[in-house]
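This report concerns only the one structure given below.
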Amino acid sequence: MTYEEFIARKAVHATPQGFEPDSALLRPHGLFDWQSDVVGRCVERGRSAIFADCGMGKTPMQLAWSEQVACHTAAPVLILAPLAVSQQTRREGEKFGVPVKVCRSQDDVVAGINITNYEILDRFDTSGFAGVVLDESSILKSFMGKTKRAITDAFAETPYRLSCTATPSPNDLMELLNQADFLGIMHSNEALSEWFIADQSSSGTYRLKGHAEGDFWRWVASWAVALTKPSDIGYPDDGYRLPALDERDVLVDVDLTEGRTDKLFRDVETSATAFNREKRRTLNDRCAECARIARNADGPVAIWCYLNAEADELRRIIPDAVDVRGSDSPEHKEQAAMDFADGKIPVLVSKPSIFGFGMNFQGCHETIFCGLDYSYESYYQAVRRFYRFGQRHDVTVWRVLGKTEENIMRTINRKALMRDAMDSSIVDAMRKPDVSRPRFSVKGHVSGLLVPEWVA
């Protein structure tokens, strides 16, 4: 036995549990060759993840995967999606000739592809589905969270599973373990003991063991596909070059003498638990600045806020703005999302937690953040509603903050660099030869996903 063979036998990999993809089902729906390769690999694996950047076509790939499973098993497939995404996915299905049934309960389920919202999963009998797709699967973020556990348990016996997101958390690799747990590849606690060690500098957190880093990313690459552009898997980037992104910071003055006690200037708190208090000090000034920018926008504009009080003020000073918040009915949220996507709403005011995931808003190329929070994923996803492949204009992102909130901005920028490093790690692992990863072909050519260029 050679040393290389010995190392290959020691490596941990996900075992394929899928079936041979039907190439006749991949081509008719307008998939690019590289998208067909991604779908084909995920079908062959049976349980896998797609970490593809916004605008890379996760929706048609999800539909193609679901159709493969539904036809192979003659049983229904369920797609779980964020609120307001279901109708948009149904539209995408019509465009590609794939029927998608929007369901509110088990009574609505039909043979083929069904879609519903995460919020109403309890209305369904999950035992009857042959396959499940998690759209924006970063909902599995919490390591021991109630939502993660409920979804994982609900589909523990589902034969075929696919999780899709653009942003596994760059500062919390535990989310990747949750993805693997949901897919039935390895329990989170097993993966934790295999590759991680307690971080002594931060109580309750873990970090990759230094010597295990390469093996960990090879393991992730055995069940996940990560790509920011087609060239990551050996294809030309034609049609997948983004326009310019212009992030402009507007800092509002803050009175540091307001609220002081026995000091010349008050202490500024921008911790994750105290920053809302600081945001309220600049609320009116920030909202006024957002309204000024919106009035000068070239086309529709979306304003993201984090406090209901911000939304109240924005609606007061921008008469034609439509405000959508968590207390609104699901029907109102869905209709507002579709109306904004269709250009019927000039100014949309909402929170990233409502419309920041899964929506396609390429008809808008200017957006405003009325402040920020510490979640890089929330910020990234909200920006990517507009700055995504298919956007024809340069995109301008305004970040309106009080001067005492600059630490939040620095945190967001630091996490952006961490995400880039994570993407590179998975992509590099995918490109390396691995004897345990079989080749597959679609219409006669070997996929660049599973075999490095020098082998193909």
Assess, by modelled atom type and distance only, whether the side chains of [X] and [Y] contain a donor and an acceptor separated by less than 3.5 Å.
{"X": "Arg385", "Y": "Gln381", "result": "yes"}
{"X": "Glu366", "Y": "Trp398", "result": "yes"}
{"X": "Ser193", "Y": "Asn189", "result": "no"}
{"X": "Gln87", "Y": "Arg90", "result": "yes"}
{"X": "Ser350", "Y": "Asp323", "result": "no"}
{"X": "Ser231", "Y": "Asp237", "result": "yes"}
{"X": "Asp373", "Y": "Tyr379", "result": "no"}

Any side-chain heavy-atom pair from [X] and [Y] closer than 4.5 angstrom?
{"X": "Cys305", "Y": "Val349", "answer": "yes"}
{"X": "Ile303", "Y": "Phe369", "answer": "no"}
{"X": "Val397", "Y": "Arg248", "answer": "no"}
{"X": "Met409", "Y": "Ile412", "answer": "no"}
{"X": "Val400", "Y": "Val252", "answer": "yes"}
{"X": "Val322", "Y": "Val347", "answer": "no"}
{"X": "Lys101", "Y": "Asp108", "answer": "yes"}
{"X": "Trp217", "Y": "Leu176", "answer": "yes"}

Shortest non-hydrogen contact between [X] and [Y], atoms and distance:
{"X": "Phe357", "Y": "Pro352", "answer": "CD1-O, 3.7 Å"}
{"X": "Val395", "Y": "Phe386", "answer": "CG2-O, 4.1 Å"}
{"X": "Leu242", "Y": "Arg388", "answer": "CD2-C, 3.4 Å"}
{"X": "Thr126", "Y": "Ala154", "answer": "OG1-O, 2.7 Å"}
{"X": "Asn117", "Y": "Leu80", "answer": "O-CD2, 4.1 Å"}
{"X": "Thr116", "Y": "Leu78", "answer": "CG2-CD1, 4.0 Å"}

N/O donor-acceptor pair under 3.5 Å between [X] side chain and [Y] backbone:
{"X": "Ser329", "Y": "His332", "value": "yes"}
{"X": "Arg161", "Y": "Ala156", "value": "yes"}
{"X": "Arg286", "Y": "Cys370", "value": "yes"}
{"X": "Asp394", "Y": "Ala244", "value": "yes"}
{"X": "Thr282", "Y": "Lys279", "value": "yes"}
{"X": "Ser163", "Y": "Gln179", "value": "no"}
{"X": "Glu334", "Y": "Glu331", "value": "no"}

With a 4.0 Å cut-off, would you call [X] and [Y] a salt bridge?
{"X": "Arg91", "Y": "Glu94", "value": "no"}
{"X": "Arg41", "Y": "Asp37", "value": "no"}
{"X": "Arg295", "Y": "Glu289", "value": "no"}

Would Gln88 and Met359 count as a side-chain contact (heavy atoms from CB on, under 4.5 Å) here? Give the steps. CA-CA 8 Å; Gln88 187 169 269; Met359 300 304 301; 3.4 Å; yes
Between atom [atom1] of [X] and atom [atom2] of [Y], what is the distance when rounded to the nearest 0.5 Å?
{"X": "Glu405", "Y": "Leu251", "atom1": "CD", "atom2": "CG", "value": "9.0 Å"}
{"X": "Glu313", "Y": "Asp285", "atom1": "CD", "atom2": "CG", "value": "10.0 Å"}
{"X": "Ile408", "Y": "Arg399", "atom1": "CD1", "atom2": "CZ", "value": "11.5 Å"}
{"X": "Asp249", "Y": "Asn413", "atom1": "CG", "atom2": "CG", "value": "7.5 Å"}
{"X": "Arg325", "Y": "Asp312", "atom1": "CZ", "atom2": "CG", "value": "4.5 Å"}
{"X": "Phe182", "Y": "Leu177", "atom1": "CZ", "atom2": "CG", "value": "15.5 Å"}

Could you pull out all donor-acceptor pairs under 3.5 Å where a side-chain atom in residues 49-63 meets a protein atom, sequence neighbours excluded?
from: Asp53; atom 1: OD1; to: Tyr380; atom 2: OH; distance (Å): 2.1
from: Asp53; atom 1: OD2; to: Tyr380; atom 2: OH; distance (Å): 3.3
from: Lys58; atom 1: NZ; to: Ala52; atom 2: O; distance (Å): 2.9
from: Gln62; atom 1: NE2; to: Asp135; atom 2: OD1; distance (Å): 3.3

Could you walk me through whether Asp238 and Arg241 pass the salt bridge (Lys or Arg N to Asp or Glu O under 4.0 Å) check? CA-CA 7 Å; Asp238 298 342; Arg241 292 181 174 86; 3.7 Å; yes
Given Thr89 and Val102, is the side-chain contact (heavy atoms from CB on, under 4.5 Å) satisfied, shown in steps? CA-CA 9 Å; Thr89 301; Val102 178; over 6 Å; no
When you look at Val132 and Val77, which way does the side-chain contact (heavy atoms from CB on, under 4.5 Å) test go after all the steps? CA-CA 6 Å; Val132 60; Val77 173; over 6 Å; no
Just wondering, more than 12 heavy atoms not from Asp122 lying within 6.0 Å of its CG?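 Yes - once you tally the heavy atoms of other residues, nucleotides and ligands closer than 6.0 Å, there are more than 12.
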Run the numbers on Phe196 and Phe216 for ring pair (Phe, Tyr, Trp, His ring centres under 6.0 Å), then give the verdict. CA-CA 9 Å; Phe196 289 80; Phe216 173 76; 5.4 Å; yes
Would Val39 and Leu31 satisfy side-chain contact (heavy atoms from CB on, under 4.5 Å), going step by step from the backbone distance to the final call? CA-CA 9 Å; Val39 173; Leu31 293 180; 4.2 Å; yes
